[in-house]
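Step one of this worksheet: look at the structure below.
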Amino acid sequence: MTRPVAVVVVVVAAFLAGLLTSEIAAEIAQNSADFYNLGRRRLPQQSLCLELIEPSGYSCSEHKIQTKDGYLLGLQRVSSRSGDLRTQLGPPVLLQHGLFMAGDAWFLNSPEESMGFVLADQGFDVWVGNVRGTRWSHGHVSLSEDDKNFWDWSWQELAEYDLAEMIHHIYLITNSKVFIVGHSQGTIMSLAALTQLDIAEMVEAAALFCPISYLEHITAKFVLRMVNMHLDQMILAMGIHELNFRSDWGVNLLDSICDGHVDCNDLLTSVTGKNCCFNNSRVDFYLDYEPHPTSTKNLRHLFQMIRKGTFSKYDYGVLKNLKLYGQLKPPSFDLGLIPKSLPLLMAYGGNDDLADMEDFHHTLKELQSTPELVYLENYGHIDFIVSIKAKEDLHDRVIGFFRSWGKSSSS
């Protein structure tokens, strides 16, 4: 480890150790060694199709698309175990993952429990999105991942470039409007993108799990401590532009925090809230795939949302805001611009410490439409992806919702 990285690790570890009071540490419980040994785990070596989807018996093809700002994204197209990609006739569904995740998140449980597999078995034409910087995407036309400029983006670009390009590509290939399923950051991207009429016109309906546009009232104490102490700005000031907990500095940081400073058992719960239906026996398998990298700028944008209580573009400061946006403050994404005719389903949980109920109701007030709501009282933030009860709790509702709107639009 180089001296600058060592300094970063020591300083940030000491900083975080000070943040983690006994009150927070008491909440953290269960899978410590698994979490901070991430960097020593086997990294997937093949494509997502070969690594995770085809071994379960599903047809899968890899696609590469280029965004307007030069990023090369990976898309996978999946059909049922009894189907054939060449003859798949069901409506297209795009699955958009959350923060520190990628398209593999939709396939981590059994075929009967994983959203991606369930939709394919129900005859949908399943497309799997992977944003820039994740391991299933393919870099940039000119920038190396070692270049800090490669990581100069936030969820704003993920919405305006990545998601927009995915939707456009699927729309052209299938000649059909696209259903969207988003989780967490995937819902931020979706809500921001759907304020653009040209994108919304290519979407049939959207199902949003743990929907986020406002983050002012999150209750995750670990996250709030980092926000209040401006950890995002600290990491950027130290020249770290890629947040990768499998990198040398990320592994050493987690080791430093968890080895002798605090009990880092089940750090996930301290960040997301208590997950009711998480299969603890599969944690080792989950951590073979998660987490994926993101940018420090993306984390900072999310922290800006928490501090300011806004759903706005990235805040560069007064001078650069004036140059880029023509105004002192970054412009907001106006949820009222999402067409009233666009059907929405929103699923939210009673134990979700990130997608808070008060912020969720703020979102609902700004929409023109009245979404179909699914409230799961015991669900935490991650349950919506990996719950062992997800099929009856959530998947069947989403499938019924999509089919009802697909029929109405084609009749």
Side-chain angles (χ1 to χ4, degrees), residues 16 19-38 97-101 105-106 108-110 113-115 182-188 208-212 214-228 245 254 257-258 262-287 289-291 299 302-303 305-306 346-361 363 373-395 397:
L16 281 178
L19 299 184
L20 288 168
T21 64
S22 58
E23 178 186 7
I24 297 173
E27 296 175 2
I28 301 176
Q30 286 171 16
N31 296 306
S32 171
D34 286 328
F35 188 79
Y36 71 82
N37 282 329
L38 290 173
H97 62 81
L99 181 67
F100 292 121
M101 291 185 167
W106 304 100
L108 292 177
N109 279 350
S110 71
E113 297 168 343
S114 300
M115 185 90 218
H183 173 247
S184 189
Q185 178 182 262
T187 72
I188 301 177
L208 306 179
F209 303 164
C210 314
I212 295 172
Y214 293 96
L215 283 169
E216 187 176 8
H217 297 96
I218 71 165
T219 55
K221 293 181 181 178
F222 185 84
V223 176
L224 289 173
R225 295 283 178 133
M226 291 191 292
V227 170
N228 292 335
F245 290 110
L254 290 171
I257 295 169
C258 296
V262 293
D263 177 11
C264 281
N265 294 321
D266 198 7
L267 187 57
L268 183 65
T269 296
S270 73
V271 174
T272 67
K274 185 177 181 180
N275 296 286
C276 70
C277 309
F278 193 89
N279 187 348
N280 284 322
S281 68
R282 292 184 66 82
V283 168
D284 281 345
F285 180 74
Y286 297 155
L287 292 178
Y289 293 93
E290 319 299 338
L299 187 71
L302 293 166
F303 282 12
M305 295 169 69
I306 297 171
M346 294 185 165
Y348 60 112
N351 284 332
D352 192 339
D353 285 354
L354 293 175
D356 180 82
M357 207 82 71
E358 190 170 348
D359 290 327
F360 175 58
H361 287 296
T363 299
L373 302 182
V374 178
Y375 175 59
L376 299 171
E377 184 176 4
N378 296 324
Y379 268 44
H381 200 73
I382 303 301
D383 285 318
F384 288 86
I385 292 292
V386 294
S387 167
I388 58 176
K389 299 168 57 183
K391 185 180 185 302
E392 57 265 34
D393 289 342
L394 186 62
H395 299 165
R397 290 285 298 273

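If you read the sequence from its start, that first residue is 1, and numbering goes on from there.
- Rounding to the nearest 0.5 Å places SG of C277 at 10.0 Å from CZ of F384.
- For Y379, the side chain to side chain donor-acceptor pair (under 3.5 Å) test picks out S387, D393, with sequence neighbours left out.
- A search for side chain to side chain donor-acceptor pair (under 3.5 Å) contacts involving D353 returns T219, not counting sequence neighbours.
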In sequence, state the C-alpha distance, the side-chain angles, and the governing distance for D359 and Y348, and then conclude on side-chain hydrogen bond (donor to acceptor under 3.5 Å, both in side chains). CA-CA 11 Å; D359 290 327; Y348 60 112; over 6 Å; no
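- Legend: residues meeting side chain to side chain donor-acceptor pair (under 3.5 Å) with E358, ordered by chain and number and at least two apart, are H217.
- Checking side-chain atoms of N109 against main-chain N and O of V386 turns up a donor-acceptor pair under 3.5 Å.
- Shown here for S184 and H381, the closest heavy-atom pair between the two residues is OG-NE2, 2.7 Å.
- Taking the salt bridge (charged side-chain N to carboxylate O under 4.0 Å, His left out) definition, one finds that K391 meets it with D396, sequence neighbours left out.
- For N378, there are no side chain to side chain donor-acceptor pair (under 3.5 Å) partners two or more places apart in sequence or in a different chain.
- Contact of the F360 side chain with the I212 side chain is not registered, since no non-hydrogen atoms from C-beta on lie closer than 4.5 Å.
- Under the 3.5 Å distance criterion, the side-chain polar atoms of R282 are matched with a main-chain donor or acceptor of L108.
- Here the closest non-hydrogen pair linking F100 and E290 is O-OE1, 3.6 Å.
- Judged as a ring pair (Phe, Tyr, Trp, His ring centres under 6.0 Å), and not counting sequence neighbours, F303 has no contacts.
- Of the residues listed (L215, T272, I306, L302), the one engaging V223 in a side chain to side chain contact (heavy atoms under 4.5 Å, CB included) is I306, and it is the only one.
- Side-chain contact between H183 and C210 is present, with at least one heavy-atom pair separated by less than 4.5 Å.
- Looking only at distances, a side-chain donor or acceptor of D383 sits under 3.5 Å from a matching main-chain atom of G380.
- Formation of a donor-acceptor pair under 3.5 Å by the N275 side chain with backbone atoms of I382 is found in this model.
- To the nearest 0.5 Å, the span separating SG on C276 from CD on E377 amounts to 10.0 Å.
- You'll find the side chain of F278 reaches within 4.5 Å of the side chain of V283, heavy atoms only.
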